[in-house]
Amino acid sequence: MRKNLMEILCCPVCKGELELTVTEESGEEVLEGTLRCAACSVDYPISEGIPNLLPKTACED
Amino acid sequence: MKEEDIHRQVRSAYGRVAARQGGCGCGTGCCGTGRTVESVSLGIGYSEEDLAQAPEGANLGLGCGNPVALASLREGDVVLDLGSGAGFDAFLAAERVGPAGRVVGVDMTPEMLDRARENAKKSGRTNVEFRLGEIEHLPVADNSVDVVISNCVINLSTDKRQVFREAFRVLRPGGRLMVSDIVLTAPLPAPLAESALLYSSCVAGALMKEEYLGSIAGAGFAEIAVRGETVFPLDLIVSEPELAGLLAGGERASVEKSIVSVRVGARKPAGCGCDGTC
């Protein structure tokens, strides 16, 4: 995912802001990392450039 | 069937479709009818130019209309595709909105996302992106999208009202919804309505047309207009032997004309009554 897409992303559950942590990138493109929803205490993984934002709750994590 | 069972069945059916190359075998488009993905696509509203513009392999022949053509996309628009599959409509939309615009596709099937990702690489486009997500729980911020499109997907959701509420939430005031989908003009006979295979073939989960339009209105949309409507040929749906068996006898005639593909447009009102959040 491209970093400039962050502004239109949100948590699928509470719709709050997500915090991006990058572990691998190529220019503007985030290849691996996580999107964390602090309010829900849930981390959504970014794998091979695609964020997995299927809803989950802290107890499933 | 329980909602979560339907959800699992749909995801697994489309996971299998994504894993196949070429013809999809799903009964919704190209299989068992001697028709190719291309001929099905031309028949439901895509042009030769559209087919040439998307990367090879992005079009799985699973649509029932061409929402991109109807959405009158403008350069710079932000577009969200609900149930983006291998990315066909998303790539066409990306062509229309140009480098200043962007297109985000959301799909809940990991195998579809894998194909979309490969196709994005082939296309070399930087204005189209895909997310694994559910259309009932969009990972997209409020009031951030100009146009929501969807092609033959919302019927698969077990909570269509929630899908339309989510589409309304993410659209900017004045933003537009443009969907192609399957609806019914008469209720299905019980054995068909209860068929899991017919659910994942976009029929058993379809709402009655009035209920579908009512769900869009219920989410808050205005200017709801049916832009086109065609009886969806049974042969495109019931290529699977199991479904053909269910349709033996008198059932076939009774459902022949009641499965309809509609193209529906709607708009989120500019002053949307959202308590001042927009």
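Every value quoted in this text rests on a predicted model; they were computed, and no experiment measured them. Note that these values count all heavy atoms, side chains included, but never hydrogens, waters or copies made by symmetry. Labels below follow one simple rule: chain letters A, B, ... track the order of the sequence lines, proteins then strands, and each chain is numbered from 1.
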Region of Glu134(B) that comes under 4.5 Å of a non-hydrogen atom in chain A: both
Heavy-atom pair of closest approach, residues Cys10(A) and Ala141(B): SG-N, 3.7 Å
Heavy-atom neighbours of Glu19(A) CD exceed 12 at 6.0 Å: no
Rounded distance [0.5 Å steps], CD in Glu48(A) versus CG in Asp114(B): 7.0 Å
Enclosure of Lys121(B) NZ (heavy-atom neighbours >12, cutoff 6.0 Å): no
Atom CZ of Arg74(B): over 12 foreign heavy atoms under 6.0 Å: no
Ignoring hydrogens and angles, write down the donor-acceptor pairs under 3.5 Å from the side chains of residues 145-152 of chain B, residues two or more places apart or on other chains.
from	atom 1	to	atom 2	distance (Å)
Asp146(B)	OD1	Arg172(B)	NH1	2.8
Asp146(B)	OD2	Val78(B)	N	2.8
Asp146(B)	OD2	Arg172(B)	NH1	3.1
Ser150(B)	OG	Leu82(B)	O	3.0
Asn151(B)	OD1	Cys64(B)	N	2.9
Asn151(B)	OD1	Gly65(B)	N	3.4
Asn151(B)	ND2	Tyr46(B)	OH	2.8
Asn151(B)	ND2	Gly65(B)	O	2.9
Asn151(B)	ND2	Asp89(B)	OD2	3.1

Pair Lys15(A) + Glu166(B): basic N to acidic O under 4.0 Å: yes
Heavy-atom neighbours of Glu17(A) CD exceed 12 at 6.0 Å: no
Heavy-atom proximity to chain B below 4.5 Å, by part of Glu7(A): both
Distance in Å, Arg11(B) CZ paired with Leu54(A) CG, rounded so as to fall on 0.5 Å steps: 5.0 Å
Region of Val104(B) that comes under 4.5 Å of a non-hydrogen atom in chain A: side chain
Chain A contact via Arg131(B) - side chain, backbone, both or neither, heavy atoms under 4.5 Å: both
For Leu132(B) against Ile50(A), the heavy-atom pair lying closest together: N-CG2, 4.0 Å
Residue selection (most heavy-atom pairs with chain B, distance under 4.5 Å) from Leu18(A), Ile8(A), Ile46(A): Ile8(A)
For Pro12(A) against His137(B), the heavy-atom pair lying closest together: CB-O, 3.3 Å
